[in-house]
Structures are given as structure tokens and as C-alpha cells.
Undergrad: 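Below you'll find the structure I mean.
All values reported here derive from a predicted model rather than from experimental measurement. Throughout, a chain's letter reflects where its sequence line sits, starting with A, and its residues are numbered from 1. Heavy-atom basis, side chains included; hydrogens, waters and symmetry copies ignored.
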Amino acid sequence: MDPQSIRPDKGKQIMIIEDQDSSWPDKGKQIMITKDSEVHSPVSYEEDWDTDDELEMQFFQAFDDQGVAYEHDSPVDCFDHASSTGSSSYNPNKVDHFMSMGFSEKMVVQAIKENGEDNDEAILNSLLTYSVLENSPGEDISSSSKSKSPVDINEDFLDGFSDSDSDCGDAEGSGRNSDDPKEKTIALMVDMGYNLEDVLISLQRCGHDASVEELADYISAAEVAKVADATEFPDRIRTVQRFQAEKKRKIPQLSSQKPKKRPEKPLVRKFSKQMVGFGLPGCPPVVSHRYLPDEAVGPPYFYYENVALTPVGVWEHISRFLYDIQPEFVDSIHFSAAARKRGYIHNLPIMNRKPLLPIPPKTIHEAIPDTATWWPSWDTRTKLNCLLTCIGSAQLTERIRNKVKSGHPSDDDIKFVIEQCKKWNLVWVGKNRVAVLEPEDMEMLLGFPKCYTRGVSRTDRYKALGNSFQIDTVAYHLSVLKPMYPNGMNVLSLFSGIGGAEIALHKLGIPLNNVVSVEISSVNRKIVNQWWEETEQKGRLIHVADVRKINNSTIDGWIDELNGFDLVIGGSPCNNLAGGNRRTRDGLEGEHSCLFYEYYRILDYVRTAMKRRAAASCRFD
DNA sequence: TCTAACATGACGATGCTT
DNA sequence: AAGCATCGTCATGTTAGA
């Protein structure tokens with residue numbers, strides 16, 4: 001494929017990753033790399049795809065059925081509870097509410113003091129900011145409002161940053177005072193919900209110096225192995241072998257022409273009618289265990305997203321590239337007042353997920369209360385349809401007004417109005433008057449902070465938001481990372497858009513240590529950049545414009561400089577997959593949607609490179 | 001007055017659910 | 001078999017700024 005033909009703004013020279021031999025910018029700076037460079041194509045791939053045997057995850061099946069006991073928590077019981085002592089001068093319920101989200105009483109009182117008791121959103125934003133500051137040694141909550149240059153802040157932070165996950169015994173909520181790292185690790189993992197016996201066995205197998213992350217992976221792997229019975233296990237081996245063999249075959253296709261069409265497997269899209277994925281907050285899990293091929297187990301974790309309703313065969317194809325992992329199809333209607341049917345392929349643990357708090361409104365009237373006054377009884381909608389990138393026309397709303405202004409619309413008129421309202425997500429904003437959603441409404445429905453996209457054109461806001469994650473949905477899936485990475489994460493965010501992944505992690509209270517954000521739209525990069533500064537992030541943000549310019553040496557450079565990635569996350573363009581596209585719904589080989597292969601290419605190289613690095617490190621030791 | 005950015009409105013097919 | 005939803009594209013018109 002011709003790289004220049006892929007992007008709509010071809011011809012424009014935007015931001016391109018800098019030359020390979022140039023040094024990485026200093027720690028603590030927000031890096032906007034704008035230097036032009038040559039297109040590194042075709043991308044060279046490693047010849048040897050064999051995984052390192054030493055690093056293959058060893059499964060064991062020594063657990064009995066009581067070995068792992070995961071209970072699904074109620075939505076209210078989110079994260080670690082700090083002891084609730086109440087506050088002398090503020091509403092105890094309010095203080096408890098925010099403490100139940102895992103913030104300390106000191107933080108909560110400070111946040112209420114700064115914002116007043118009534119502004120929950122502002123309080124929450126302050127608390128999240130404090131959480132970031134708290135990860136920066138020497139920072140005092142009370143000084144959070146003082147503006148500090150990004151450079152200073154980040155240098156402070158990175159100087160004090162420990163790259164040892166074993167240090168996470170200091171994590172909030174663990175409540176242990178032992179100085180023994182092993183005991184700290186055990187205590188933390190038990191706090192995380194792991195069975196003590198599992199933790200002890202995993203320590204024995206992984207070594208007493210193993211990090212929490214390694215132990216968690218080991219237990220997850222054991223869990224997989226435990227469930228695999230004698231008849232299914234050979235199938236799993238065959239699946240992995242097939243994938244490895246197929247991978248060797250298919251890679252050359254990426255650097256030449258379009259991948260060859262092969263007969264697809266039978267439908268993998270076994271989503272329930274309700275699209276609840278592996279389970280919803282407050283409900284018993286639909287799926288409590290699943291198989292992951294050895295190659296897909298463990299960090300760096302990955303999370304891939306795209307529209308659920310693709311042309312037939314697309315998800316089967318995507319799944320085959322992403323380690324044969326079955327997609328999890330979820331409609332965000334269960335997290336929000338608006339639908340958003342999406343498929344997610346990831347290798348995250350699926351037990352002990354926690355929803356973001358506060359739980360967002362789930363009906364139109366709760367989400368946009370002003371509309372209730374004007375809502376006619378014959379419009380029975382309680383939920384909105386998917387938030388798209390474009391909006392209904394003013395002519396249409398005027399036409400609707402004319403049809404209903406008499407007060408007694410005919411059945412045909414009602415049918416027309418309902419049809420159009422559903423199609424364009426129109427809401428009643430005045431007497432006999434409908435209107436499109438405001439960008440602020442969309443931000444709220446998608447879980448973004450209010451006015452998050454303010455500052456760019458209205459059209460760009462709709463487009464950016466229509467292309468974004470639903471934060472509560474994604475955060476629910478990512479929430480399992482919170483106890484695993486108390487010291488923060490390094491994130492490779494591909495097709496970042498307006499930073500939905502970053503917002504989700506931030507809202508979960510997971511510090512963002514280093515974020516490489518790859519996004520072609522300068523408008524979107526600007527939005528993420530503004531948020532990064534406004535929330536006083538302590539980590540490093542690296543912007544890259546074009547995902548196709550990232551080659552293996554670029555990735556190696558990041559892995560060396562940033563000490564690897566913990567998460568590779570992104571949703572590749574859906575333009576050629578989405579049902580709304582009447583002209584170029586060409587599937588995964590479409591002009592934009594073919595960038596999925598870039599996600600796969602980069603993810604696979606990151607995982608391979610990090611395994612190689614870990615193996616080298618082991619040999620060195 | 002010119003240009004670029006922005007806004008508007010017309011344009012069905014596909015595939016799942018009922 | 002009918003109903004329904006769908007991270008969209010593009011030509012053209014309008015507006016803002018130099």
C-alpha cells in the first residue's frame with residue numbers, strides 16, 4: 001500500500017518522528033516531535049519469529065478449586081478503602097463517598113475545601129490531580145495549585161522514580177509496615193484479592209525477587225492452565241502452532257500488497273444480544289475464565305478496540321492477527337446513556353474489574369435533565385443511539401418543529417419524527433423543538449471532563465468525540481491494572497485520538513509515567529496536550545504523528561529509554577468498517593482501516609523486543 | 001478581494017435482531 | 001421478512017481573517 005495515500009490530509013507535512021540517531025529529549029519535557037524525516041519503508045521484520053523458550057510462561061496446575069476465589073464487588077465498593085473517620089467540618093457522606101473511591105481523607109477534605117461541597121466533578125478532578133502529585137516525591141497536596149513548569153515537575157518526578165515493581169508495598173491501602181520486600185509483596189497481592197496460597201506458590205516458582213506484576217501473570221497463567229482440561233489442551237497447542245505458522249506466512253504481505261484474502265473461520269462474533277462482554281459491574285460474570293495463547297500471556301498488556309458491527313469476517317481476521325484471542329463485545333449503553341457497540345481484544349485479566357465512580361447517568365433524562373420538561377409522551381426513548389462524528393442538519397430540526405407544532409401530530413408525523421430523532425440523536429430542548437447534542441453533552445456521555453475538547457472548531461469536536469472511547473467502559477476493563485501498577489505505567493497509545501485511554505487510566509488513578517501518544521490529527525494532539533498540562537501530569541508525554549513512521553529501531557529506542565511499555569492500547573480507524581460509511585465501507589483493506597496492521601506490527605514488535613530484552617537481562621544476571 | 005477554514009446537507013447498504 | 005442501528009464521505013456553501 002502506498003503510505004502517502006492512506007491519510008486524508010496527505011501532502012501536509014505534519015509531525016514526524018525524528019531521526020533515529022538523534023538522542024531522546026530530556027526527561028520531563030513534553031516532547032512534540034516535528035522534525036521531518038524520511039519514510040522508513042518497507043518496514044523490516046525480524047526473520048526469526050521463534051519465541052524465547054526460556055521465557056515461555058510455564059503453566060502449572062497445582063491449584064485446587066478453592067485456590068482462586070474472586071468475588072465480584074458491588075459498584076460502590078470500589079478500590080481500597082481508607083479508614084473512614086469522618087470529617088469535622090464537612091458532610092460526612094460526601095467525604096465517605098470520595099474516600100470510598102480510594103482517596104485519603106486528607107485529600108478529600110482538601111479537595112472539598114478548594115471546590116466547595118456541591119461541585120462533585122471539580123472535587124474529583126482535584127483528587128485526581130492530588131493523586132498524581134502524591135506520586136511525586138516532595139510534593140505537598142496543599143501546594144498543588146502552584147504552577148510549576150513541566151520540565152521541573154517531571155525532572156523531580158523521574159529522579160525519584162523507582163523502576164522496581166517490588167517497591168509497590170508502599171502503595172496506598174496496603175497498610176503494612178514490614179520492611180521485608182517479600183512480605184510487602186505478599187501483603188499487596190493479598191490486598192489485591194489474590195489467594196494467599198496462590199501467592200506463595202507463585203513466589204516459589206518465580207523466585208522471591210519476583211515483582212507483583214510477574215506474580216500476577218503467573219497466577220493468571222496458572223488459572224488458565226487449571227481450567228484447561230485434558231481434551232481442550234491439545235487444541236490450544238494447535239491454535240498456538242497454527243498462529244505461529246501463519247504469522248511467518250503473513251508478515252511479508254504487510255510490506256507488499258494487500259493481505260491475501262483467505263477463507264474466514266466460522267463466526268467468532270458470539271456476542272450476546274445485550275453485548276455485555278465478559279460481564280458488567282454489579283452483575284455475576286458472564287465469563288470468568290478464558291484461554292490465552294502462551295504468546296499473548298502477560299505484560300506488556302494490550303488492548304485493541306474497534307466497532308462491533310463490521311462487515312462479516314473482519315473480527316475473525318483481527319482476532320487471528322491478535323493471537324487468536326476472542327473479542328469481547330460490549331455496548332456502552334450499560335455504562336452510559338448512549339449506545340456504543342464495540343469489540344475489544346485484550347490480554348488483560350478479567351476478574352476483579354471495578355467501575356469508575358461516580359456511576360454516570362444511564363438515561364437521557366438523568367444525563368440531560370433539561371430535556372425532560374419538553375419530552376413528548378409519544379417519544380419513548382430513554383437511551384441515545386451511538387454518538388457519531390457528524391450531526392443532524394438544522395433543516396431537519398426545523399422540519400420536525402413544523403410537524404409537531406400543532407400539538408397534535410399525526411401518526412405518520414410521529415413515526416417520521418421518532419425515526420429521525422433516533423437516527424440523529426436529537427433531543428427535546430424547547431416546546432416542540434428538537435436539537436442535536438452539544439459537544440459538552442457528548443463529552444459527558446462519553447465520560448470525558450466537561451469542555452474537554454473546547455478550543456477547537458465545533459466540527460472537529462464532533463469528529464473527535466465521535467471517534468473516541470467511552471471512558472467508563474474502557475476504564476472498567478483497564479481497572480484490573482490499578483493494583484498491578486501502583487507506581488504508574490508506561491503506555492504506548494496508538495491512534496490516540498483525544499486521549500481516551502489516557503483519561504481512563506487517569507480516572508482510575510493510575511499514574512502515567514511515560515506516554516507515547518501516536519495520533520495523526522494535530523487538533524487531537526492539541527487537546528491531549530492541553531489536558532496533560534492542565535492536570536499537571538508528572539510523567540513524560542511523547543507525541544508522534546504518523547504510526548507508519550514508527551519502525552523497529554524507534555521502538556527499541558523507546559524501550560531502552562523508557563524502560564519498556566506496560567500497555568499498548570488503541571483503536572484503529574473504523575472508517576472503512578462502520579455502517580455509516582456509504583461510499584468506502586471496504587473492510588480491513590480499506591484506505592484507513594488497513595492501519596490495523598500497523599497496530600499489530602507495532603504490538604508484536606514491542607512484545608518480542610521486550611521478551612528479548614528480558615532474556616538478555618536474565619543471562620546478564 | 002482572495003483564501004482557507006469551517007459548516008451544511010444529501011447520500012444507502014450491511015448485517016444483526018425480532 | 002421486516003425492523004433497526006450504524007466511531008462516514010463528499011461536494012458545495014458560508015464565514016472569517018489577511
Undergrad: Determine whether A:N581 and A:R583 make a side-chain contact, defined as any pair of heavy atoms from C-beta on separated by less than 4.5 Å.
TA: yes
Undergrad: Taking the six-membered ring for Trp and the single ring otherwise, decide whether the centroids of A:Y323 and A:F302 are under 6.0 Å apart.
TA: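 When the ring centroids of A:Y323 and A:F302 are compared, they turn out to be within the sub-6.0 Å range.
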Undergrad: In whole Å, what is the span from the CD atom of A:Q274 to the C1' atom of B:dC16?
TA: 13 Å
Undergrad: Give the nucleotide from the list C:dT9, B:dG9, B:dC11 with an atom nearest to the side chain of A:Q395.
TA: B:dG9
Undergrad: What nucleotide, of B:dG9, C:dC7, B:dC11, holds the atom closest to the side chain of A:R582?
TA: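 Between B:dG9, C:dC7, B:dC11, the one nearest the side chain of A:R582 would be B:dC11.
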Undergrad: To the nearest Å, how far apart are A:R461 CZ and B:dA7 P?
TA: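 Answer to the nearest Å: 11 Å.
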Undergrad: Here's a test of your reading of the structure: between A:G392 and A:V456, which maps to the more 5' nucleotide of DNA chain B?
TA: A:V456
Undergrad: Between A:N385 and C:dT6, is there a contact of a side-chain N or O with OP1 or OP2 at under 4.0 Å?
TA: yes
Undergrad: Dot-bracket for DNA chain B, 5' to 3', counting Watson-Crick or G-U wobble pairs under 3.5 Å, with [ ] for crossing pairs and | for inter-strand pairs?
TA: |||||||||||.||||||
Undergrad: Kindly say if A:T459 contacts the phosphate of B:dC6, meaning a side-chain N or O under 4.0 Å from OP1 or OP2.
TA: no
Undergrad: So what does A:C390 hit on the nucleic acid, given a heavy-atom distance under 4.0 Å: a base, only sugar-phosphate, or nothing?
TA: base
Undergrad: Rounded to the Å, how far apart are A:W424 CH2 and C:dC7 P?
TA: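 About 13 Å, once rounded to whole Å.
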Undergrad: Has A:N575 got a side-chain N or O lying under 4.0 Å from the OP1 or OP2 atom of C:dT9?
TA: yes
Undergrad: Among B:dG15, B:dA7, C:dC7, which nucleotide has an atom closest to any side-chain atom of A:R340?
TA: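 The answer is C:dC7, which lies nearest to the side chain.
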Undergrad: Using a heavy-atom cut-off of under 4.0 Å over every strand shown, decide if A:R342 touches base, sugar-phosphate, or nothing.
TA: base
Undergrad: Would you mind classifying the nucleic acid contact of A:S572 as base, sugar-phosphate or nothing, using non-hydrogen atoms under 4.0 angstrom?
TA: base
Undergrad: What nucleotide, of B:dC16, B:dC6, C:dC7, holds the atom closest to the side chain of A:E305?
TA: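 Selected nucleotide: C:dC7.
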Undergrad: Less than 4.5 Å apart, side chain to side chain, heavy atoms only: is that true for A:R381 and A:K422?
TA: yes
Undergrad: OP1 or OP2 of C:dA5 sitting under 4.0 Å from any side-chain N/O of A:K341?
TA: no
Undergrad: From NZ of A:K423 over to P of B:dG9, roughly how many Å is that when rounded to an integer?
TA: 14 Å
Undergrad: Is the distance between the ring centroids of A:Y304 and A:Y344 under 6.0 Å?
TA: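 No: the rings miss the under 6.0 Å criterion.
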Undergrad: Within this structure, what is the CD-to-P distance between A:E419 and C:dA2, rounded to whole angstrom?
TA: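 Rounded to the whole Å, the gap is 16 Å.
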Undergrad: Closest-nucleotide mapping onto DNA chain B: is A:D460 or A:A394 further toward the 5' terminus? I mean the 5' end.
TA: A:D460
Undergrad: Evaluate the side-chain proximity of A:W558 to A:I550: yes if any heavy-atom separation is below 4.5 Å, no if none is.
TA: yes
Undergrad: Could you give the CD-to-C1' distance, from A:Q420 to B:dG12, as a whole number of Å?
TA: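 Roughly 14 Å, once rounded to whole Å.
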Undergrad: What's the gap between B:dC11 and C:dT6 when it is taken at their P atoms, as a whole Å value?
TA: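 Going atom to atom, P in each nucleotide, I get 22 Å.
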Undergrad: If you measure from the Lys or Arg side-chain nitrogens to the Asp or Glu carboxylate oxygens, is any gap between A:E438 and A:R458 under 4.0 Å?
TA: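 A salt bridge is present here (some side-chain N lies under 4.0 Å from a carboxylate O).
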Undergrad: Quick one, A:E502 and A:S496 - any side-chain contact, counting heavy atoms below 4.5 Å?
TA: yes
Undergrad: Determine, step by step, whether A:Q537 and A:T535 satisfy the side chain to side chain donor-acceptor pair (under 3.5 Å) criterion, reporting the C-alpha distance in whole Å, the side-chain angles of both residues, the deciding distance to 0.1 Å, and the verdict.
TA: CA-CA 6 Å; A:Q537 296 291 323; A:T535 53; 3.1 Å; yes
Undergrad: Between C1' on C:dC7 and CD on A:E519, what's the gap in Å once rounded to a whole number?
TA: 13 Å
Undergrad: Provide, to the nearest angstrom, the distance between the CG atom belonging to A:N425 and the C1' atom belonging to C:dC4.
TA: 14 Å
